[in-house]
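Protein chains get the first letters and strands the later ones, always in sequence-line order, with residue 1 at the start of each.
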Number of protein chains: 4
Amino acid sequence: MTDQSRPGRKRSEQSRQAILVATLELAAEAGYGALTVEGIAARSGVGKQTIYRWWPSKADVLLDALATKADLQVPIPDEGSFRADLALFLDRTYALGTKSQVADTLRALMAQAQIDPEFGKRFREDFLFRRRDALGEIVERARERAELPAGVGPGTVIDVVFGTLWYRLLATREPIGPEMAGELVALLAPTSG
Amino acid sequence: MTDQSRPGRKRSEQSRQAILVATLELAAEAGYGALTVEGIAARSGVGKQTIYRWWPSKADVLLDALATKADLQVPIPDEGSFRADLALFLDRTYALGTKSQVADTLRALMAQAQIDPEFGKRFREDFLFRRRDALGEIVERARERAELPAGVGPGTVIDVVFGTLWYRLLATREPIGPEMAGELVALLAPTSG
Amino acid sequence: MTDQSRPGRKRSEQSRQAILVATLELAAEAGYGALTVEGIAARSGVGKQTIYRWWPSKADVLLDALATKADLQVPIPDEGSFRADLALFLDRTYALGTKSQVADTLRALMAQAQIDPEFGKRFREDFLFRRRDALGEIVERARERAELPAGVGPGTVIDVVFGTLWYRLLATREPIGPEMAGELVALLAPTSG
Amino acid sequence: MTDQSRPGRKRSEQSRQAILVATLELAAEAGYGALTVEGIAARSGVGKQTIYRWWPSKADVLLDALATKADLQVPIPDEGSFRADLALFLDRTYALGTKSQVADTLRALMAQAQIDPEFGKRFREDFLFRRRDALGEIVERARERAELPAGVGPGTVIDVVFGTLWYRLLATREPIGPEMAGELVALLAPTSG
DNA sequence: TATTAAGCGAGACGGTACGTCATGTCTTTAG
DNA sequence: CTAAAGACATGACGTACCGTCTCGCTTAATA
């Protein structure tokens, strides 16, 4: 319906896939620092122009590759209580962080978002804020049910959850585990009425 | 004790200062992405080799410049209660984050630490872990006085504090403010016995 | 036959010309010692890579420039006698050596051929030996007609001619003139039967 | 008479020798192109300043080293006839050129003399012209005895001799041998009265 | 017997050019 | 019009040497 019939050759899905696969492989093999547009083009047997035509930067290619491969869309749980919802949310996130390739890629993207302001904007809007919104739904329900800790607003709860996750990813490089998830739940969703 | 008197010309303190100043200026003016060793050398009137002789990478120069200029060593408060100590710690950190130049530099360093593993190791050991240790002392005293929230270990408290700070710096780009500091205190150091 | 129609952009003849011109100008202005690839690139408005892509060293660029500009291919005379042929050959060579720019360039190339063995091989094969072959034809005809001095082989005659030319170019820096040419003819192609 | 007695430490003959030896070794091992002042200093255990204090350039060091080691002063023969003198002169020169290290060094010096005009002047005056003068004596005696070929002046004879020697050294890289020496004698000092 | 003036090894310094790499654009031929 | 190929101008990289300049230390001649 969108571009139903334009003249000219169609975008090659084969090239697109080859680019995304090559990008993930190269990033995994030598790290994001060694990832180059030239390298991606060479590995995928594609012209550089084909990459520049469809993505604004190599970080966007990587983000696209990650999104295409790993399903980053953690579904929003609704278990009836904030405690259960948060536990499930953290558990699913934990599963993601376990795959070191996904973790490494997220690290690289967050890094690039700091260095390249244009990509930073896209990364925040297309990825970070969507994740915030997902958790936001859970927290909003908690707020309505008065399940949040006293004196702590919804925004802060979200910041604490994602902050802890990202900090462990970026700084200590020990992605969150079940114990840590348990402690976060204890902190943010205490049992007492 | 180490190299008290070796033969040969001594390191030029003047060049060192010129390099650090030029580095901060360039990073502030055009952003870390535009910071180059050549640029630093040109601006500071120094040969490139002099930079490579003393620092392993431009990120190390920037870290050195930041450490030399802004006193990042937040002193460890001891006000008698975890609540007061944490509040003071956050307040002082808040003051730091307010200076946008410091915040921008920290963002760039954390980013570079993800992309360049060698620098990452140094950044963690020379900066991040020292900051952890500082807060660690406060939290340890709190643990001894049983002032920590139930079911939450000292390590987690530290992760939550720094995580929230860094997340706001990197992701939402709204460095912590007094309200947020208050909510963190409410969450981590509740008044009730 | 070689690369009739490959995909990809064609080599820019404009860049090639600009490089050769800039090379000759720079060598003339400041001498071969001051000739640098960077300088050539800057003067000709070309990327360094474009130079490295097509020539192995700056000496090769200079040789190419010389060959393209000054027609070094002295035609082989055939006047019927060795005496006349040699006189004409020396006269034409004399004309070349008169242009100080050509003389300076030849000096530099011969020098570089000594210092850089790889270029030396190319210089000998692409330039020196071709010149030898040209004179070789003349001398061979002389040998057939028994016009060579007694007890002196063709190879030696060639060595003496080019040796004297080069020696005056390199050592005394007084390129050959008409009188010297006359004496060489008297020595190598005596009139008496 | 010059600097009979000044205060201060005397020039270290040991360092001088070490420098000259290191220079010859390095030039022999990796070629003149790889010869550097830093390399000489490192190999000889000497400070760079000590080299710069006594020699204007590395080529001068090499020339000094060659002059100190190989006795380049070919004595002027006086055998009674030009034919015999020239034969002896060529024979002695041939002996020199046989040692490939000497030949390589001469090649490098002649090359450097083209590229570095200041050294070129010194090389010509201190080396090339002295050699010319030596042969000049022989030729002058021949001229007085009317032993030179008809129509060929003394200067040209010298140019032909050295020209041929140098050309074979630089261009064909086949230093003169006994047969070639014989042919040169036949050409320049014919037997006929 | 000091003092003073060079020479010395070491090595840091401001420079310049090197040859390589990657960028993002442009041009050519093929589908 | 898209694609692969590949040349192009640009600009930074990290390295190698250049020739100069301190350093702290000998080593002599002079006072």
Go nucleotide by nucleotide along DNA chain F from the 5' end; which of B:Val37 and D:Pro56 gets its closest nucleotide reached first?
B:Val37

Rounded to the Å, how far apart are D:Lys48 NZ and F:dC23 P?
17 Å

Would you say B:Thr50 places a side-chain N or O within less than 4.0 Å of OP1 or OP2 belonging to E:dG14?
yes

E:dC18, F:dT26, F:dC8: which one has an atom nearest the side-chain heavy atoms of C:Arg53?
F:dC8

Report the distance from atom CD1 of B:Ile40 to atom C1' of E:dC13, rounded to the nearest whole Å.
17 Å

Please tell me which of the listed nucleotides, F:dC13, E:dA17, E:dT25, lies nearest to the side chain of A:Gln49?
E:dT25

Whole-Å gap separating C1' (E:dG15) and CZ (B:Arg43)
20 Å

Which residue pairs satisfy the salt bridge (charged side-chain N to carboxylate O under 4.0 Å, His left out) criterion with at least one member in residues 45-56 of chain B, sequence neighbours excluded?
B:Glu38-B:Lys48

Looking at B:Trp55, I'd like to know whether one of its side-chain N or O atoms comes within less than 4.0 Å of OP1 or OP2 on F:dG14.
no

Could you check C:Thr36 against D:Arg16 and say which one's nearest nucleotide on DNA chain E is further toward the 5' end?
D:Arg16

Classify the nucleic acid contact of D:Gly39 as base, sugar-phosphate or nothing, counting any heavy atom under 4.0 Å across all strands shown.
nothing

Starting from P on F:dC8, measure out to CZ on C:Arg9 and report it in whole angstrom.
7 Å

I want to check something: taking the side chain as every heavy atom from C-beta on, are D:Arg173 and D:Arg107 in contact at a cut-off of under 4.5 Å?
yes

Side chain to side chain, C:Leu170 and D:Leu170, heavy atoms closer than 4.5 Å:
yes

Can you find a side chain N or O atom of A:Ser15 that sits less than 4.0 Å from OP1 or OP2 on F:dA4?
yes

Nucleotide E:dA22, atom P - distance to OH of C:Tyr52 in whole Å:
17 Å

Could you tell me if the side chain of C:Met110 sits less than 4.5 Å from the side chain of D:Gln114, heavy atoms only?
no

Nearest to the side chain of C:Arg6, heavy atoms from C-beta on, is which of F:dA7, E:dC8, E:dT28?
F:dA7

Starting the side chain at C-beta, find the nucleotide from F:dT20, E:dG7, E:dT29 nearest to C:Lys10.
E:dT29

